[in-house]
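One structure below.
Along the sequence shown, residues are numbered consecutively beginning with 1. Not measured: the values here are computed from a predicted model.
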Amino acid sequence: MNQIETDINELELFHRRASETFARLLDDIQKKAGCHLVFQVNMGETQSYLTSVKLGWVAEKVRLFNDLPIFKKDEEDDSGVEFSSIDLEIRQQRMPDWTRQRDMAAYLASRRHHKFPALLLVGWQGWVHNERDEKWGEDKQAMSESLNLRGLDTTGMCWELDDSNTYFYALDGQHRLMAILGLRDLIRDGHLPARDKFGKHRSAGGLSREDIIQQTGEDKVDAHQRLQRLMDERIGIEIIPAIRMGENEEEGRRRLWQMFVDVNKHSKRLSNGELTQLDESNGYRVVARKLVANHPLLNSGMLPSGEERPKVELVKTQLSENADRYTTLDTMVEVVRAYLKENETLDEHKSYVFWDSLIAKGISIRPNDHVLNEGVKDMTKYLDLMARIPSHRAFIQGKIAGEIRSSDSGEDNILFRPMVQRALAAAVGKLATRGFSPEKVLETLAKKETEGQLRLTNDKGPWFGVLCDVNGKMRRYKKNRDLCCSLFGFLLGGGVEDDIDRERLREDFAEQRVIDPETGIAIDLEGNRITRDEIHLPNPWR
């Protein structure tokens, strides 16, 4: 063996022994109670330390940011630096919403492939509030950080963190923390109560271990074992000290406060439309997305110029009067929900209502593909029938939706308004459960459209008052949408046989056509001004 080969072998042996030594060092750190291997991260003048911990550690050691003692001092006494009322108000506005705890805990408990981003934590120690502690210098500047750290390398990248005598507070990730706390309670107590926004327990709407087991379809023993293991899963954390070496208490507090404001300013909650584009666990959202991608009434077309022509607004929940879109993605989810829920009784093998029980309990499990495909088929049949209506044929062929919808310059057609689309789907679904053919029902609707019976602002039509006020402004309240649905059912279903139900519908209809609440004067279907008691329902269309 020549000298070069000898040197190479010795070098390989050296690296192997160094790796073995480093591995033993890591093992020793991990065996120490409360010790963690952390890596330093520098951005700007902010130093932080990255590692991972068990969910059980988070539930035991981490608290909400608003409980951080460095922000409590000015609320409890007059010592220290004034904390402005504006800052306090902003902090109150950023208080975590406890209504989210149940759904997020259910996500962790039910979804096998769950994942939370890392938590950003503040490390605080008791000496910070003791101005006589030796860790404060004569100039009131900290002699060390509020973390127990020991360097492991010469570059300052690897550290050993001892979490004893240290308290941690979630600067970013308070809702994730609440979810982990809720998961712990669910596993430990077998039940997680629902809460209001401020954390007070509500009497109804909680979540139990049995709910999770039932919805996941697991064997009970296997499910209990899986749930018990969840608190041993690991999540990333990034830690910053409440006080850095060389800071005084005021400087530390202001630094943390600015970071809290920055984190919240740059965070953004997803809109309903954005959630619908991403959500794979809500069956109605999955079906709506498939329809938007594939059905001619909803999928993007092409303009003569070759540009894409979207037909569905994906983010916003409402449409302007002259918008070129037919509907919104959020509306399509509600259309799917309304129609499929009513059609549930038509086929006992379909389980659309089961989706609601999952959604209501916050359980994130994607419905099986067979039922999803059945939902797509049922909704495709419904949209195929809608596509036969003259206004919809014109839209598919290239007419702008705003020209059909607008009350000012268009055809004033109510079917191009999201609120009406939801109400109609529910009404047709309900009629189908009563034995009415959706094909016949929508044929009748198409005929009435050609007769001008679907105009919004015509005071001699049935929708005046129900969907808009005397000035033509849309009434978007739930009671108006419900009345619209009932009126569709009445008109397309040939009336209401029950005298009590008919009178209740008449009273609701009359009330919405009142133009002078003091005198009770209303507009009838002939355009005459009479009292609300004299108002009659329109004649059924069938």
Side-chain angles (χ1 to χ4, degrees), residues 319-322 389-392 394 399 401-424 426-428 431 441-542:
L319 295 175
S320 65
E321 190 81 359
N322 295 306
I389 298 174
S391 60
H392 288 59
K399 193 168 186 177
E403 296 176 5
I404 305 173
R405 177 191 308 111
S406 175
S407 301
D408 298 326
S409 57
E411 298 174 10
D412 203 20
N413 192 315
I414 66 171
L415 297 184
F416 280 67
R417 297 183 178 274
M419 176 178 168
V420 177
Q421 292 161 355
R422 293 196 294 259
L424 177 62
V428 176
L431 288 172
V441 167
L442 292 179
E443 281 180 3
T444 299
L445 187 69
K447 178 182 178 182
K448 291 301 175 179
E449 181 185 81
T450 61
E451 296 175 3
Q453 290 293 304
L454 298 180
R455 293 175 182 164
L456 175 68
T457 57
N458 177 15
D459 62 6
K460 296 182 181 180
W463 311 109
F464 177 81
V466 173
L467 294 174
C468 71
D469 61 19
V470 292
N471 298 313
K473 183 179 180 180
M474 281 291 292
R475 288 175 165 168
R476 304 184 190 279
Y477 300 108
K478 181 179 182 300
K479 67 177 182 180
N480 294 90
R481 186 174 73 242
D482 291 344
L483 179 56
C484 177
C485 177
S486 297
L487 194 57
F488 268 130
F490 174 84
L491 295 170
L492 295 168
V496 178
E497 294 182 1
D498 186 276
D499 291 339
I500 296 177
D501 289 343
R502 187 188 307 109
E503 178 56 24
R504 185 181 296 116
L505 178 61
R506 190 205 68 79
E507 290 175 355
D508 292 342
F509 178 71
E511 185 64 33
Q512 295 304 308
R513 295 184 70 93
V514 171
I515 60 173
D516 186 347
E518 292 187 6
T519 62
I521 296 299
I523 297 181
D524 69 7
L525 292 166
E526 301 299 324
N528 302 315
R529 284 164 169 71
I530 58 177
T531 67
R532 65 162 62 88
D533 293 337
E534 297 176 283
I535 294 289
H536 295 287
L537 288 167
N539 293 324
W541 290 345
R542 292 174 63 92

Exercise. Where the side chain of Asp516 meets the backbone of Gly520, is there a donor-acceptor pair that is under 3.5 Å apart?
Worked result: no

Seminar exercise, completed: Distance col, row Ile414:CD1 vs Cys484:SG, nearest 0.5 angstrom, shows 5.5 Å

Seminar exercise, completed: Here the pair of heavy atoms bringing Ala510 nearest to Ala522 is O-CB, 4.3 Å

Problem set entry | Check: Leu424 and Leu445 side chains under 4.5 Å, non-hydrogen atoms | yes

Sequence neighbours excluded and cut-off under 3.5 Å, please list the side-chain donor-acceptor pairs for residues 529-539, or say none.
{"residue": "Thr531", "atom": "OG1", "partner": "Glu534", "partner atom": "OE1", "Å": "3.0"}
{"residue": "Arg532", "atom": "NE", "partner": "Glu511", "partner atom": "OE1", "Å": "3.2"}
{"residue": "Glu534", "atom": "OE1", "partner": "Thr531", "partner atom": "N", "Å": "3.1"}

Seminar exercise, completed: Separation between CG (Leu467) and OG1 (Thr457), nearest 0.5 Å, reads 11.0 Å

For this session: Run the numbers on Asp498 and Arg502 for salt bridge (Lys or Arg N to Asp or Glu O under 4.0 Å), then give the verdict.
Result: CA-CA 6 Å; Asp498 186 276; Arg502 187 188 307 109; over 6 Å; no

Exercise. Is there a side-chain contact between Val470 and Phe464 (heavy atoms, below 4.5 Å)?
Worked result: yes

Exercise. Does Leu415 offer a backbone N or O that forms a donor-acceptor pair with the side chain of Gln421 under 3.5 Å?
Worked result: yes

Exercise. Taking atom NZ of Lys448 as the centre, does the number of heavy atoms from other residues, nucleotides or ligands within less than 6.0 Å exceed 12?
Worked result: yes

Exercise. Which heavy atom of Ser407 sits nearest a heavy atom of Leu456, and at what distance?
Worked result: OG-CD2, 3.6 Å

For this session: Mind listing the closest non-hydrogen atom pair of Pro390 and Thr450 along with its distance?
Result: CG-CG2, 3.9 Å

Exercise. Heavy atoms, side chains only, cut-off 4.5 Å: are Lys478 and Met419 in contact?
Worked result: no

Problem set entry | Residues Ser391 and Glu449: side-chain donor-acceptor under 3.5 angstrom | yes

Exercise. Do any N or O atoms from the side chain of Arg475 and from the backbone of Gln512 form a donor-acceptor pair under 3.5 angstrom?
Worked result: yes

Exercise. If every non-hydrogen atom of Leu442 is compared with every non-hydrogen atom of Ile389, which pair is closest and at what distance?
Worked result: O-CG1, 4.4 Å

For this session: Without swapping roles, check the side chain of Ser406 against the backbone of Glu403 for a donor-acceptor pair under 3.5 Å.
Result: no

Exercise. What pair of heavy atoms forms the shortest contact from Arg513 to Ile523, and how long is it?
Worked result: NE-O, 2.6 Å

For this session: Report the distance from atom CG of Asn458 to atom CG of Leu525, rounding to the nearest 0.5 Å.
Result: 9.5 Å

Exercise. Are the aromatic ring centres of Trp541 and Phe488 under 6.0 angstrom apart?
Worked result: no

Exercise. Salt bridge check: are Asp501 and Arg504 linked by an N-O gap of less than 4.0 Å?
Worked result: yes

Problem set entry | Verdict with reasoning, Glu411 to Lys399, per side chain to side chain contact (heavy atoms under 4.5 Å, CB included) | CA-CA 12 Å; Glu411 298 174 10; Lys399 193 168 186 177; 2.3 Å; yes

Exercise. Which value, rounded to the nearest 0.5 Å, describes the distance between Met474 atom CE and Cys468 atom SG?
Worked result: 7.5 Å

Exercise. How long is the span from the OG1 atom in Thr444 to the CG atom in Leu431, to the nearest 0.5 Å?
Worked result: 10.0 Å

Problem set entry | Short side-chain to backbone donor-acceptor contact, Asn413 and Arg405, under 3.5 Å | no

For this session: Specify the closest pair of heavy atoms between Trp463 and Arg455, including all atoms of both residues, with the distance to one decimal.
Result: CD1-O, 3.9 Å

